[in-house]
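Inspection log for the structure reproduced underneath, given as structure tokens.
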Amino acid sequence: MKPNFNSIGKAFLAIMAMGLSFSCTDQWDEHYSVDESVVPDMSILEKLKSNPETSEFVKVLETTKMFNGKKMVEDVTYDELLDADQFITVWAPSNSALTADEWAKYTKKNKTREENYEVSQMFIRNHIARFGHPVGETTKEKVIMMSKKRYESVASAIEGVSYSSQKNLSCSNGVLHIINGTIDYKKSIYEYITTEKEYADNLGAFFKKYTVDEIDLDKSVSAGIDANGQVIYIDSVTTERSILMDKFGLINEEDSNYVVVLPTGAAWDAKFAEMAYRFDYQKAEGADSLQLFWAYSNLLTDAFVNMNLQKHPTDSIVTTLYNETKVKRTKKIFNTYYKPFEADGIFANDVAEVIECSNGKIYKTNTWSFSDAYTWDAPIIKEAESSEYRVLGELVRPATAIIRSGKISEEKVLVMKGDKAVTDQWDATFGIGNTLAGWYNVYAVILPNDITGELTTAKPNQFNAYIEYFNENGRIETYQEKDPKRPTRVYKYNNDIAKIDTVLLNFSGPIFFPACNYEQEKASINVTLKINMTASETKTYSNTMYLDCIILEPTEAPEEEDSEDGEE
């Protein structure tokens, strides 16, 4: 339907009048001149068709399908948008703006879905904006195109592309400018990662898998209903949502300012191949999908930096997963990088290329830039006072004590006493979740039993330790140390009462846990401590234990010993 000049034309004049308040009348007449003898009763499409200098652009509009987000609308082409009631501004490249071969690519008939989307997003929508955007001597604004890209508009040019003599052409549904070139489409960080060849099959495919389009019905323009009762949108406004971007950063948002540190595609594949076994879920349902999702997610831990939130970026930056509470609790500086722009900094060290995107930068590195221990492979700490996955024996009387010491994890410990007699041999089991497959050392952190200063005599604990885990066949396997002096007996551990003692429970060597349990509902590793002393040993040992935590610390695989003939 053709818009009425009394409404649309007045809207145009109102927008023009808004600009008038910022410049004198002479400047307006000179720089916003419109041929007053021509009543703007032609749509933008009609104006383009009547101009021999824009015939190629018209062909592009007529041969390119409209898109509803990422969904192609089969029966609608972009010429219909420029003939509709919506008030818009178009920067139309003249025929001389591109070569014949370039125009042939854009005006090709029967384009594939991918070709239609590329021309739609990167060319047509990159030259159209909603509302009126006339230009004059005082013009200086950031125009948001339908491609969602922001371009600088000044008196003589849009994003550096100069205007022809034909600009500020008044139309019944908007404003038309003819330009002497084309506005280059600058990809967002998300678009670069998902379309660049070196990332398309790994990281790009990963992002796309968890991304969906959501249409904004209030901002979209309908062309009616098709034969199946579905609404046809000739101009749809969509947003891309992803559980990854919700977590790491909105790298698809054009008004954001992110820096992303990524290895090259080859370096990414090499790092994934190196660490993928750590996310081996063995016989769990969907093990392969779980492995890919959590391995990739963990590799991205510190890749994203929101530059808008940095207080002193030349001194230090924090990544998007920075958590002040976690730093205070662990007393370790996670997700923080100092002097990022200096030679050894995260934005400079071994950088192969810096990619300028529409909403930030990508620092592409030749190798992996982060420390495993401060991203995805940190020690796993099970707080003893936490009741999650914890099972206390019947003879245990538990209590939580607060110990104000910088050496105590979260400043709390679990106090476990025998129920009645000093000889009660109680046990307690601590389930540990969020574990990765791999080699570990297992520790119990035990405080002296006179830590509160209430006892006159300090005594150590004497206990056994058992470590249960799932083997490659999905069966529970138990690790326990044998007494080196009496190999048939289970080893009895003692803690040092002169210090907060970190007792190594697998002193014979690291333990290999073959199954990953990261982000699963149940614990897959159980550490059981059992007080073990006779009546005569009560003078030497105490059955009251102050347990701070259990620690699983990742470590290297033990070196294989050479055989007698010199071969491994």
Side-chain angles (χ1 to χ4, degrees), residues 326 329-332 373 377-393 396 398-403 405 407-417 425-449 451 460-470 476-481 490-497 499-513 515-532 542-555:
K326 178 182 177 182
R329 175 172 57 82
T330 62
K331 300 177 178 64
K332 292 184 178 181
D377 202 21
I380 300 167
I381 300 175
K382 166 65 179 180
E383 298 293 341
E385 68 274 8
S386 171
S387 60
E388 185 179 31
Y389 305 138
R390 188 184 72 188
V391 179
L392 302 179
V396 175
T400 298
I402 297 176
I403 308 295
S405 170
K407 297 180 181 180
I408 306 302
S409 175
E410 298 194 0
E411 299 185 335
K412 295 179 182 178
V413 299
L414 178 66
V415 183
M416 294 180 286
K417 300 180 179 180
Q425 299 189 24
W426 54 259
D427 61 86
T429 299
F430 302 88
I432 302 174
N434 274 336
T435 57
L436 305 182
W439 294 92
Y440 286 88
N441 286 323
V442 183
Y443 300 92
V445 180
I446 303 174
L447 281 63
N449 70 338
I451 191 71
N461 300 123
Q462 180 171 273
F463 60 95
N464 299 132
Y466 307 90
I467 303 169
E468 292 182 334
Y469 60 94
F470 289 100
I476 295 177
E477 193 164 317
T478 302
Y479 178 96
Q480 57 187 34
E481 290 284 3
V490 177
Y491 182 76
K492 294 182 179 181
Y493 299 84
N494 303 137
N495 64 301
D496 187 342
I497 61 170
K499 63 180 182 180
I500 298 173
D501 197 6
T502 302
V503 182
L504 178 62
L505 303 182
N506 55 296
F507 54 78
S508 296
I511 307 172
F512 183 73
F513 300 135
C516 172
N517 189 52
Y518 189 78
E519 291 289 339
Q520 301 300 289
E521 293 182 357
K522 297 180 180 179
S524 63
I525 296 173
N526 291 310
V527 177
T528 299
L529 305 181
K530 182 177 181 180
I531 287 291
N532 190 339
S542 169
N543 77 340
T544 298
M545 177 182 287
Y546 285 73
L547 182 65
D548 181 14
C549 58
I550 304 292
I551 300 175
L552 268 62
E553 185 175 68
T555 188

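FYI, side chains are in, hydrogens and waters are out, and symmetry mates aren't considered; it's all heavy atoms of this structure.
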With rounding to the nearest 0.5 Å, note down the distance linking [atom1] in [X] to [atom2] in [Y].
{"X": "Asn517", "Y": "Thr435", "atom1": "CG", "atom2": "OG1", "result": "4.5 Å"}
{"X": "Leu505", "Y": "Thr502", "atom1": "CG", "atom2": "OG1", "result": "10.5 Å"}
{"X": "Ile531", "Y": "Lys492", "atom1": "CD1", "atom2": "NZ", "result": "11.0 Å"}
{"X": "Lys417", "Y": "Thr544", "atom1": "NZ", "atom2": "OG1", "result": "5.5 Å"}
{"X": "Tyr546", "Y": "Leu447", "atom1": "OH", "atom2": "CG", "result": "9.0 Å"}
{"X": "Ile550", "Y": "Ser386", "atom1": "CD1", "atom2": "OG", "result": "12.0 Å"}

Are the side chains of [X] and [Y] in touch, meaning some heavy atoms are under 4.5 Å apart?
{"X": "Glu388", "Y": "Glu383", "value": "no"}
{"X": "Ile525", "Y": "Tyr440", "value": "no"}
{"X": "Glu468", "Y": "Thr528", "value": "no"}
{"X": "Leu552", "Y": "Phe513", "value": "yes"}

Evaluation steps, side-chain contact (heavy atoms from CB on, under 4.5 Å), between Asp377 and Leu436: CA-CA 8 Å; Asp377 202 21; Leu436 305 182; 4.0 Å; yes

Which pair of heavy atoms, one from [X] and one from [Y], lies closest together, and at what distance?
{"X": "Ala384", "Y": "Leu414", "answer": "O-CD2, 3.4 Å"}
{"X": "Val413", "Y": "Asp548", "answer": "CG1-CA, 4.0 Å"}
{"X": "Tyr389", "Y": "Gln520", "answer": "OH-O, 4.1 Å"}
{"X": "Ala523", "Y": "Gly433", "answer": "CB-N, 4.1 Å"}
{"X": "Trp426", "Y": "Asn543", "answer": "NE1-O, 2.7 Å"}
{"X": "Val396", "Y": "Asp427", "answer": "CG2-O, 3.5 Å"}

For the pair Phe463 and Tyr493, name the ring-plane relationship: parallel under 30°, tilted 30 to 60°, perpendicular over 60°.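 Because their plane-to-plane angle is under 30°, the rings of Phe463 and Tyr493 count as parallel.
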
Give a yes or no answer on whether the side chain of [X] reaches the backbone of [Y] with a donor-acceptor pair at less than 3.5 Å.
{"X": "Asn434", "Y": "Glu519", "result": "yes"}
{"X": "Asn532", "Y": "Gln462", "result": "no"}
{"X": "Asn526", "Y": "Thr429", "result": "no"}
{"X": "Asn495", "Y": "Asn461", "result": "yes"}

Please determine, by modelled atom types, if Ser508 and Glu481 share a side-chain donor-acceptor pair under 3.5 angstrom.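 Side chains of Ser508 and Glu481: pair found under 3.5 Å.
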
Would Gln480 and Tyr491 count as a side chain to side chain donor-acceptor pair (under 3.5 Å) here? Give the steps. CA-CA 8 Å; Gln480 57 187 34; Tyr491 182 76; over 6 Å; no

In terms of heavy-atom contacts, does NZ of Lys530 have more than 12 from other residues, nucleotides or ligands at under 6.0 Å? no

Audit row: Trp439, Ile511, side-chain contact (heavy atoms from CB on, under 4.5 Å) steps and yes/no: CA-CA 5 Å; Trp439 294 92; Ile511 307 172; 5.8 Å; no

